[in-house]
Amino acid sequence: MSFSSIYDIAGSAMTAQSVRLNTVASNLANADVVSGSEQDGYRAKRPVFSSVMVDMNDPNAGTRVRIDDVIESDEPLRRRYEPNHPEANKEGYVFHSTVNVVEEMADMMAASRSFETNVDVMSRARSMQQSILRLGQTS
């Protein structure tokens, strides 16, 4: 595996984790959103990733991460009877978002650690390259 493949794989993983972190941030920002209808309510979003072979002719080239889509949760909104709420519909119900703050925080920590791991991979690859360059030097 070449160094450029290592950088390409780690870079694609870092991009994917950045999308994941941005999605978590969006979900946390909308955790307390309330709507007067189920169609207008906020649903938690999740990125969908897949792995793609870097070079189909070289099985040792590895795979990189591709961001396929960002999908919305199909979980139904939480409906509550709050007739005095300004967003309440005619029947007095409001619809709360499907964001679970605890799950989002756990997902944020996992994405952050994955991002850091890929930064470490790139740093070690750079260190190996520098070591190779020093082999030819005389002291």
Side-chain angles (χ1 to χ4, degrees):
M1 179 179 289
S2 69
F3 282 109
S4 65
S5 294
I6 294 171
Y7 290 124
D8 185 42
I9 293 166
S12 69
M14 290 169 65
T15 301
Q17 296 308 320
S18 293
V19 168
R20 186 176 172 192
L21 285 168
N22 285 334
T23 305
V24 168
S26 176
N27 287 340
L28 288 173
N30 291 294
D32 294 327
V33 169
V34 175
S35 172
S37 70
E38 192 161 359
Q39 292 80 22
D40 297 334
Y42 184 83
R43 288 177 168 75
K45 294 178 175 38
R46 297 274 176 254
V48 178
F49 304 128
S50 63
S51 58
V52 178
M53 294 288 295
V54 172
D55 184 3
M56 296 298 283
N57 298 325
D58 183 6
N60 295 325
T63 58
R64 61 182 201 83
V65 180
R66 181 177 65 197
I67 304 159
D68 289 334
D69 199 4
V70 177
I71 60 171
E72 284 188 348
S73 168
D74 56 355
E75 181 181 341
L77 297 178
R78 291 174 288 144
R79 187 175 84 159
R80 287 192 189 149
Y81 183 69
E82 297 177 23
N84 295 328
H85 195 285
E87 293 288 328
N89 62 13
K90 291 178 185 174
E91 292 85 32
Y93 288 101
V94 293
F95 296 88
H96 293 263
S97 73
T98 59
V99 175
N100 182 330
V101 175
V102 174
E103 287 179 10
E104 296 299 327
M105 294 300 288
D107 196 30
M108 182 176 69
M109 289 173 44
S112 177
R113 287 190 180 147
S114 181
F115 188 90
E116 289 173 7
T117 299
N118 286 292
V119 169
D120 191 42
V121 166
M122 292 181 97
S123 175
R124 290 178 190 268
R126 189 186 80 201
S127 177
M128 287 188 327
Q129 282 183 309
Q130 289 174 339
S131 296
I132 291 170
L133 291 173
R134 281 194 296 269
L135 285 176
Q137 292 178 344
T138 58
S139 53

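If you read the sequence from its start, that first residue is 1, and numbering goes on from there.
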Applying a strict under-4.5 Å side-chain criterion to I, L, V, M, F, W and Y, I'd like to know whether [X] and [Y] cluster together.
{"X": "Val33", "Y": "Val99", "answer": "yes"}
{"X": "Leu77", "Y": "Tyr93", "answer": "no"}
{"X": "Leu133", "Y": "Met122", "answer": "no"}
{"X": "Val121", "Y": "Val119", "answer": "yes"}

Taking the side chain as everything from C-beta on, heavy atoms only, tell me whether [X] gets closer than 4.5 Å to [Y].
{"X": "Leu28", "Y": "Val101", "answer": "yes"}
{"X": "Arg80", "Y": "His85", "answer": "no"}
{"X": "Met128", "Y": "Arg124", "answer": "no"}
{"X": "Asn30", "Y": "Ser97", "answer": "no"}
{"X": "Asp40", "Y": "Phe95", "answer": "no"}

Going from [atom1] on [X] to [atom2] on [Y], what distance comes out if it is rounded to the nearest 0.5 angstrom?
{"X": "Ile67", "Y": "Phe49", "atom1": "CD1", "atom2": "CZ", "value": "6.0 Å"}
{"X": "Arg126", "Y": "Tyr7", "atom1": "CZ", "atom2": "OH", "value": "7.5 Å"}
{"X": "Ser35", "Y": "Glu87", "atom1": "OG", "atom2": "CD", "value": "6.5 Å"}
{"X": "Arg79", "Y": "Ser37", "atom1": "CZ", "atom2": "OG", "value": "12.5 Å"}
{"X": "Ile9", "Y": "Met14", "atom1": "CD1", "atom2": "CE", "value": "14.0 Å"}

With a sphere of 6.0 Å drawn around CG of Asp32, does it hold more than 12 non-hydrogen atoms of other residues, nucleotides or ligands? no
Is it true that, when you exclude Met53 itself, more than 12 heavy atoms of the residues, nucleotides or ligands shown sit nearer than 6.0 Å to its CE? yes
Looking only at heavy atoms, which two atoms of Ile6 and Ala125 are closest? And how far apart? CG2-CB, 3.9 Å
Provide the closest heavy-atom pair for Glu91 versus Tyr81 in the form atom of the first, atom of the second, distance. O-CE1, 3.3 Å
Is a side-chain donor or acceptor of Thr98 paired with a backbone partner of Arg43 at a separation under 3.5 angstrom? no
Spell out, as yes or no, whether a donor-acceptor pair under 3.5 Å connects the side chain of Thr15 to the backbone of Gly11. yes
Contacts of Tyr42 meeting side chain to side chain donor-acceptor pair (under 3.5 Å) (sequence neighbours excluded), chain-then-number -> Ser26, Asn27
Tabulate below the donor-acceptor pairs under 3.5 Å that side-chain atoms of residues 106-117 make, not counting sequence neighbours, or state none.
unit_1	atom_1	unit_2	atom_2	d
Asp107	OD1	Arg20	NE	2.9
Asp107	OD1	Arg20	NH2	2.5
Thr117	OG1	Arg113	O	2.9

Residues that, via side-chain heavy atoms closer than 4.5 angstrom, fall in one hydrophobic cluster with Val94: Val34
Are the charged groups of Lys45 and Glu104 less than 4.0 angstrom apart, N to O? no
